[in-house]
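Okay, so here's the structure we're looking at.
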Amino acid sequence: MTHTYRTHNCGALRKTDVGNEVRLSGWVHRVRDHGGLLFIDLRDHYGLTQCVIEPDAEAFALAETVRAEWVIRIDGRVDKRSDETINPQMHTGDIEVRISALEVLSQAAELPLPVFGEPDYPEDTRLKYRFLDLRRETLHANIVRRSEIISAMRKHMVEQGFTEYQTPILTASSPEGARDFLVPSRMHPGRFYALPQAPQQFKQLIMMAGFDRYFQIAPCFRDEDARADRSPGEFYQLDIEMSFVTQDDVFNAVEPVLRDLFTEFGGGKPVTQEFPRITYAEAMRKYGNDKPDLRNPIEMQDVSRHFAGSGFKIFAGMLEKDKKNRVWAIPAKTGGSRAFCDRMNSWAQGEGQPGLGYIFFRNGGEGAGPVAKNIGAERTSAIREQLELEDGDAVFFVAGDPKKFAEFAGAARTRAGEELGLVDHERFDFCWIVDFPMYEWDEDNKKIDFSHNPFSMPQGGMEALESMDPLDIKGWQYDIVCNGVELSSGAIRNHKPEIMLKAFEIAGYGPEVVEEKFGGMLRAMQYGAPPHGGIAPGVDRIVMLLAGEPNIREVTMFPMNQQAEDLLMGAPSNVSAAQLRELHIRLNLPNKT
RNA sequence: GGGGGUGUAGCUCAGCUGGUUAGAGCGCUGGCCUGUCACGCCAGAGGCCGCGGGUUCGAGUCCCGUCACUCCCGCCA
């Protein structure tokens, strides 16, 4: 007895099936009507099969009526294609199915979004008709790949002795960090749950509860504005926590997982075998960025000494005025043309900078450009020597307080590398960024605040907190960066209540605040907390990198738009007065003019 | 919250210094076509030029405002 819908899927048939009677069901991908001969490419999740029918066939009249994306079932015989008509680009290209019977299972209205050929369509149309968008080959494959990657993550984690535990979705609002999504409590009028920004406290409590080596593909919710690489609202982390570990133990557990994942799913692109460890300070100095793209070979250098007391009065004056001020050089191999340097300069001005000083080296090795003229041949060649530049290269200069210009210098480095084609896009370059500062100066509130995670262990422990300038204290905090994308953040946690209280005190939070906001965790620390630490690689960003997509919505099945709306489901939506009443909520909407 | 970009047919886009009836390709509909696989050929339908106001004899085009989408900044412990 033949199955109601299919004996094979649309990607299954091969030469070896020739002669067999088969039944296929799927979507009409494409119709090619030659009048006397009609081709239907039938598509399902598994593939595409060419089906053919001629006018003398009983089902021909019906076959002529089918349109793109109708769902049909066909019966037919598998025929070998003649040599000239074999299509080597299709898995099923050696055969075709000669239709003997056809049933329309479901019709499709005229498409607001064509599936075949996947032409570019506006994103709001794609989101509103996501079910059609998801039929398209690229997105469909991305989503399948995402699933495979997550499967592999689980497999690697379990193999390394980790166990997956679930943590609550409805939890308490936490005072630090991002804006929470709130869920009103029906049973407790005026009180709210919050969706977790990450299972941070839970995973630490799991360690304190005596479990070890936890992981979870954890949903995280933050009510912050979207970016290309950041969904509004929700995203997933491969959340990891381990007990009795040092930073090295965490690195040794996580590094192979990512390396193997990228090797397996990275399409053959080379993957960093041993992730270099770069301190935060070094990353800022060399790359002007705490998530450097190491595929870009440019490394910045301090060249202040060549400008001190030089004829280039602007820089010389800055160096004189404040000894914090420095001059950094951005060497640009192959950038030695006036056209390129001018382009960089006007880009810098477009960024709101006064400009970008440069020297470029033409044939004969003489440095050209206004800076070279001002500092003279000797200093110019000293700079050239320090940076190991050759004829045809250029160098750009940024001066002032590095704290203020580092970010711009980093952007200039990125731009020069991209414009000159120095960045090798066919690689996955990983690194660890370590030794993040524990605190930073909050200019808005004129106070010291946590720069990263308030639960991190400060390097040097209690002694450091008591004796050092807070801004000099480093935390056991680390990031994993790949190709300029921050993939993970983690830390060795603080497991001692007295250090926690002191750390918060430095950031201006008294013990009563800690008790109120983190009472559960503080209590857990007082009853035997193991030293522990962990990390949380961003699943969406990993998939994005592996799929080679610049946008997180291309690896998300049902994403929201930038305004945090789900155009398919219509979220967020209005709710009934009765629902609000039950939740003891009265709306107080902003006036819209 | 702020800044940039975009907005003309279902889609991608053209439309000059303001000047008759706003175009092309794809898609759609109909017709023809027996070997296509981005099938081909012919014909046709399809437009509040995002919306509102202003300047002008005259606005797709210039000005102001507004809305939508997107990218970025802020934000994201």
Side-chain angles (χ1 to χ4, degrees), chain A residues 29-43 48-57 60 64 67-68 79 81-90 92-93 96 98 109-129 132 174-180 196-198 200-201 220-235 350-352 407 411 436 438-440 442-444 449-456 475 477 486 489-491 493 503-504 507 509 517-518 536 538 550-551 553 561-563 565 567 590 592-593:
Chain A
H29 189 58
R30 185 69 172 163
V31 180
R32 290 179 298 282
D33 186 351
H34 290 235
L37 183 70
L38 180 78
F39 295 101
I40 295 173
D41 288 340
L42 198 63
R43 186 197 71 237
L48 205 59
T49 301
Q50 173 165 287
C51 305
V52 60
I53 187 166
E54 291 176 18
D56 51 350
F60 188 77
E64 277 192 312
R67 294 289 178 269
D79 280 358
R81 294 204 205 180
S82 64
D83 287 349
E84 328 79 76
T85 61
I86 284 173
N87 185 345
Q89 273 152 5
M90 293 171 73
T92 60
E96 62 194 2
R98 193 146 300 253
E110 192 187 327
L111 301 173
L113 178 79
V115 176
F116 171 75
E118 11 184 353
D120 284 346
Y121 259 58
E123 189 138 33
D124 42 344
T125 306
R126 293 182 53 203
L127 293 177
K128 183 171 175 189
Y129 297 95
L132 288 175
S174 75
E176 293 292 302
R179 202 174 292 115
D180 283 318
Q197 296 181 20
Q200 179 64 37
Q201 292 189 65
C220 304
F221 306 90
R222 296 177 192 175
D223 186 6
E224 296 293 349
D225 290 348
R227 287 288 182 278
D229 64 352
R230 201 169 81 203
S231 306
E234 54 184 76
F235 59 97
E351 296 287 295
E407 192 186 342
F436 277 86
M438 186 80 187
Y439 298 100
E440 65 190 8
D442 175 356
E443 192 54 44
D444 292 342
D449 206 352
F450 293 108
S451 70
H452 238 59
N453 181 325
F455 305 124
S456 298
Q477 298 178 158
E486 183 191 316
S489 255
R493 321 296 176 188
F504 274 83
Y509 305 100
K517 299 299 184 184
F518 306 108
N551 186 311
R553 295 183 295 275
N561 68 7
Q562 196 176 35
Q563 280 69 242
E565 296 163 307
L567 299 177
K592 267 227 164 159
T593 40

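Chain letters run A, B, ... following the sequence lines, proteins first and then strands; every chain starts at 1. All values reported here derive from a predicted model rather than from experimental measurement. Computed from heavy atoms alone, side chains included, the values below leave out hydrogens, waters and symmetry copies.
Salt-bridge annotation for A:R67 and A:E110: absent, with no side-chain N of the basic residue lying under 4.0 Å from a carboxylate O of the acidic one.
Look at the P atom in both B:rG18 and B:rG58: the space between them is 15 Å, to the nearest Å. Using P as the reference atom, B:rG3 and B:rA59 are 30 Å apart when rounded to the nearest Å. Distance check on atom P: B:rU61 versus B:rG50 gives 8 Å, rounded to whole Å. Here, B:rG60 and B:rA9 have their P atoms 14 Å apart, quoted to the whole Å.
Nearest approach of A:A491 to A:S456, heavy atoms of both residues: CB-OG, 3.2 Å.
Within 6.0 Å of CG on A:D56 lie more than 12 heavy atoms contributed by other residues, nucleotides or ligands.
Between the CG atom of A:L38 and the P atom of B:rC37 there is a distance of 14 Å, rounded to whole Å. Rounded to whole Å, the distance from CD1 on A:I40 to P on B:rC39 is 14 Å. Residue A:N551 contributes atom CG, which lies 14 Å from atom C1' of B:rC72 at whole-angstrom precision. For A:N561 and B:rC67, the CG to C1' distance is 14 Å, given to the nearest whole Å.
Taking A:R553 as the reference, A:E123, A:N551, A:P559 meet the side chain to side chain contact (heavy atoms under 4.5 Å, CB included) condition, with sequence neighbours excluded. Among residues two or more places apart in sequence or in another chain, the salt bridge (Lys or Arg N to Asp or Glu O under 4.0 Å) test is passed with A:R32 by A:D41. Remark: A:E224 pairs with A:R179 by the salt bridge (Lys or Arg N to Asp or Glu O under 4.0 Å) rule, at least two apart or across chains.
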Discussion item. Dot-bracket for RNA chain B, please. Rules: Watson-Crick or G-U, both distances under 3.5 Å, ( ) within the strand, [ ] when a pair crosses earlier ones, | for another strand, . otherwise.
Written reply: (((((((..((((.....[...)))).(((((.......))))).....(((((..]....))))))))))))....
Short heteroatom pairs, N/O only, protein and nucleotides 4-13 of chain B, under 3.5 Å:
from   : atom 1 : to     : atom 2 : distance (Å)
B:rC11 : O4'    : A:Y121 : OH     : 3.1
B:rC11 : O2'    : A:D120 : O      : 3.2

Response to the item:
For nucleotides 29-36 of chain B, 5' to 3', base contacts (B), sugar-phosphate-only contacts (S) and non-contacts (-) with protein non-hydrogen atoms under 4.0 Å give SS--BBBB
Fill in: Steps toward side-chain contact (heavy atoms from CB on, under 4.5 Å) verdict (A:R43, A:V115)
CA-CA 11 Å; A:R43 186 197 71 237; A:V115 176; 3.4 Å; yes
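Of the candidate nucleotides B:rC76, B:rA38, B:rC69, B:rA38 has the atom lying nearest to any side-chain atom of A:F116. When distances run from any side-chain atom of A:R30 to the nucleotides B:rU70, B:rG74, B:rG27, the shortest one goes to B:rG27.
Comparing A:P114 and A:R230 against RNA chain B, the residue whose closest nucleotide sits nearer the 5' end is A:P114.
Between A:Y129 and A:Y121, the distance separating the two ring centers is not shorter than 6.0 angstrom.
Residue A:Q563 has a polar side-chain atom (N or O) positioned under 4.0 Å from OP1 or OP2 of B:rC69. A:R179 has no side-chain polar atom (N or O) that falls below the 4.0 Å cut-off from OP1 or OP2 of B:rG1.
Within 4.0 Å (heavy atoms only), A:N453 reaches sugar-phosphate atoms of the nucleic acid but no base atom.
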